[in-house]
Amino acid sequence: MLTATKTKIAPGRLLVNNQWVDSPKRFDTINPATGEVLTQVAEASIEDVDRAVSAARHAFEDRSGPWRKMSASERGRLIWKLSDLVEKNIDELAELETLDNGKPIFESRYVDMPMVADVLRYYAGLATKIHGETVNTLESAFTYTLREPVGVVGLIVPWNFPLLLASWKLGPALACGNTIVFKPAEQTPLTALRFGELAIEAGLPAGVLNIVTGGASTGRAIVQHPGIDKIAFTGSTAVGKEIMRSAADTLKRVTLELGGKSPNIVFADSDLDGAIKGAINGIFYGKGEVCNAGSRLFVEEKVRDEFTDKLVARAKKMQPADPLDPKTRMGAIVSQEQMQTVLGYIDAGKKEGAKLIAGGNRVSLDGSKGFFIEPTIFGDVKNDMKIAQEEIFGPVLSVLSFDDVEQVVEQANRNPYGLAAAVWTKDVKKAHQVSRLLKAGTVWINTYGLMDAALPFGGYKASGFGRELGAHAIEHYTEVKTVWMNMV
Ligand code: NAD
């Protein structure tokens with residue numbers, strides 16, 4: 001039986017200046033496991049965004065206000081408190097994320113939410129380590145730099161890791177002393193709204209964090225608003241390009257975390273059982289709706305058949321099930337639209353002549369209207385096929401084969417994206433040589449998909465630019481000011 005849908009989030013509200021504001025314009029947010037409406041969410045208008053920006057601007061500019069007067073240490077303490085509150089409410093947040101996104105509760109409860117808390121703690125600690133430097137230039141001068149917050153930052157995130165990807169931006173934005181207008185994805189706004197309640201409970205001053213829900217038009221209003229200084233965006237490459245063009249008009253700073261089509265490369269000399277687990281995890285974790293999914297699996301020709309047979313046997317055991325069941329490892333696709341997109345790619349794969357060796361179908365659970373797709377694997381894929389070149393963003397794996405290092409590196413890099421990659425081999429020299437040759441922001445060796453709050457993450461090529469996480473993120477949330485004092 002699919003578990004009944006429920007949510008305690010009050011419908012149709014925006015968070016502006018620490019006040020919950022009702023909005024007349026609303027849209028449904030759907031539980032993808034049942035197709036049922038969870039609740040109604042506000043669709044923020046241009047005027048709503050303007051009010052949120054004014055509140056954020058005021059909180060940032062007011063020199064006698066609480067945010068500007070707060071020391072870095074106090075900011076760190078507030079972020080730490082937020083992290084504590086995330087942990088205190090972890091079960092509720094995890095359940096909300098699963099209801100809204102369809103991901104297994106196992107993932108929301110034991111991966112997403114713990115990492116949200118961890119990322120916030122990392123930046124709580126970093127708040128007191130952000131500083132300029134003194135630079136020796138002339139005997140007659142005292143020259144130094146200050147590192148100042150950028151100002152009002154617009155955060156726009158997608159639906160696949162709703163609160164987790166938001167935390168990657170909220171943590172450094174707050175640690176550096178910025179104020180925020182945050183828009184979650186229209187498919188998954190619920191944890192953001194609950195987080196807003198926790199931010200008030202933690203004592204974040206009015207105007208520091210404003211939350212506007214809505215879709216593309218709300219996002220555009222944020223990007224075009226002259227009162228916003230920087231956009232931190234995670235989402236599709238197509239929207240990333242539009243944001244970059246539009247941000248040029250007001251010369252906003254922009255960081256873009258975009259799509260991926262990451263190569264996962266298995267050499268014959270690797271621990272094949274470990275590599276099989278890594279390949280399954282790399283594509284089917286998060287239903288394959290993961291920017292760094294290992295969606296192109298390159299297997300060395302001499303072990304291809306053995307490897308693929310074992311892979312298929314494992315994939316067939318991973319059938320979709322109720323996302324709220326703790327044993328479930330394959331949840332529901334986030335929306336009907338995304339399910340149709342994924343099924344369209346499966347059709348394209350068949351038409352292009354790839355061999356469907358596992359899955360390929362929509363699944364109905366208990367006759368519900370949920371959006372479930374079987375774990376799907378295509379063999380005999382050529383690198384120029386659509387299913388090997390385009391991001392599917394679903395549980396669909398393309399298996400390709402190769403004979404040597406030169407060939408696999410050339411194929412792995414012959415793709416517009418460059419977010420992540422993995423190499424499986426026991427040959428240490430080969431592992432590091434291939435890692436250097438791959439055009440990707442992250443390369444895993446003998447594992448897949450691991451992340452840490454301290455390690456930078458971001459893309460090469462069409463996967464965007466700028467790095468999130470780690471101390472690198474501070475670069476994107478601060479300006480550097482040079483101060484030159486004449487000592488003569
Ligand atoms: P999307 O680009 O459609 O939407 C992302 C966000 O942008 C949403 O909040 C949406 O409402 C908003 N938006 C849409 N159009 C906009 C516009 N014109 N102006 C401003 N905002 C707009 O992406 P999606 O389908 O929600 O997410 C999937 C994509 O995100 C995939 O391509 C995936 O690879 C990428 N992603 C990347 C990373 C990364 O770290 N590189 C992480 C997760 C997801």
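Each ligand, and each atom within it, is numbered from 1 in the order the structure gives. Side chains included, hydrogens not; waters and symmetry mates left out as well; all remaining heavy atoms used.
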Check this for me: does any side-chain nitrogen of one of [X] and [Y] sit under 4.0 Å from a carboxylate oxygen of the other?
X: E242; Y: R245; value: no
X: K386; Y: D347; value: no
X: K25; Y: D48; value: no

Heavy atoms only: give me the nearest [X]-[Y] pair and the separation to one decimal.
X: Y448; Y: G278; value: CB-O, 3.8 Å
X: I79; Y: A124; value: CB-CB, 3.9 Å
X: F195; Y: L82; value: CZ-CD2, 3.7 Å
X: L209; Y: N18; value: O-OD1, 4.5 Å

The answer for which part of V157 has a heavy atom under 4.0 Å from ligand 1 is backbone
Short version for F457: what comes under 4.0 Å of ligand 1, heavy atoms counted, is side chain
Distance filter under 4.0 Å to [X] heavy atoms, resulting ligand 1 atoms:
X: A185; result: 9 (O)
X: G259; result: 32 (O), 34 (O)
X: L419; result: 41 (N)
X: T234; result: 5 (C), 36 (N), 37 (C), 38 (C), 39 (C), 40 (O), 42 (C), 43 (C), 44 (C)
X: E186; result: 8 (C), 10 (C), 11 (O)

Is atom 4 (O) of ligand 1 in close reach of the protein, with a heavy atom under 4.0 Å away? no
Regarding ligand 1, does [X] bring an N or O atom to under 3.5 Å of one of the ligand's N or O atoms?
X: S463; answer: no
X: L165; answer: no
X: S236; answer: yes

To which protein heavy atom is [atom] closest, and what is the distance rounded to 0.1 Å?
atom: atom 28 (C) of ligand 1; value: F393 CE2, 3.4 Å
atom: atom 27 (O) of ligand 1; value: P158 CB, 3.2 Å
atom: atom 16 (C) of ligand 1; value: V239 CG1, 3.4 Å
atom: atom 25 (O) of ligand 1; value: W159 NE1, 3.1 Å
atom: atom 41 (N) of ligand 1; value: L258 O, 2.7 Å
atom: atom 36 (N) of ligand 1; value: C291 CB, 3.5 Å
atom: atom 18 (N) of ligand 1; value: E242 OE2, 3.1 Å
atom: atom 21 (N) of ligand 1; value: G219 CA, 3.5 Å

Applying a strict 4.0 Å limit to heavy atoms, is G459 in contact with ligand 1?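 Not so, G459 does not reach ligand 1.
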Using a distance-only test with no angle check, is there a side-chain donor-acceptor pair under 3.5 angstrom linking Y345 and E390?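 On atom types as modelled, these side chains qualify, holding a pair under 3.5 Å.
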Please determine, by modelled atom types, if K169 and N178 share a side-chain donor-acceptor pair under 3.5 angstrom. no
Give the single entry among [options] that approaches [atom] most closely by any heavy atom.
atom: atom 44 (C) of ligand 1; options: N160, I392, V290, I156; value: N160
atom: atom 29 (C) of ligand 1; options: G215, G441, G235; value: G235
atom: atom 19 (N) of ligand 1; options: R220, E391, K241; value: R220

Can you check side-chain hydrogen bond (donor to acceptor under 3.5 Å, both in side chains) on R296 and N383, steps first, answer last? CA-CA 9 Å; R296 288 188 296 154; N383 199 34; 3.3 Å; yes
Separation between CG of L93 and CG of L198, rounded to the nearest 0.5 Å: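 Rounded to the nearest 0.5 Å, the CG-CG separation comes to 6.0 Å.
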Heavy-atom distance under 4.5 Å between the side chains of D91 and R109, does that happen here? yes
Reference residue T255; test side chain to side chain donor-acceptor pair (under 3.5 Å); the match among K230, H476, E475, E468: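 That would be K230.
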Should F457 and W168 be marked as a ring-ring contact (aromatic ring centres under 6.0 Å, His included) after you check the CA-CA gap, both sets of side-chain angles, and the distance that decides it? CA-CA 10 Å; F457 183 81; W168 293 15; 5.4 Å; yes
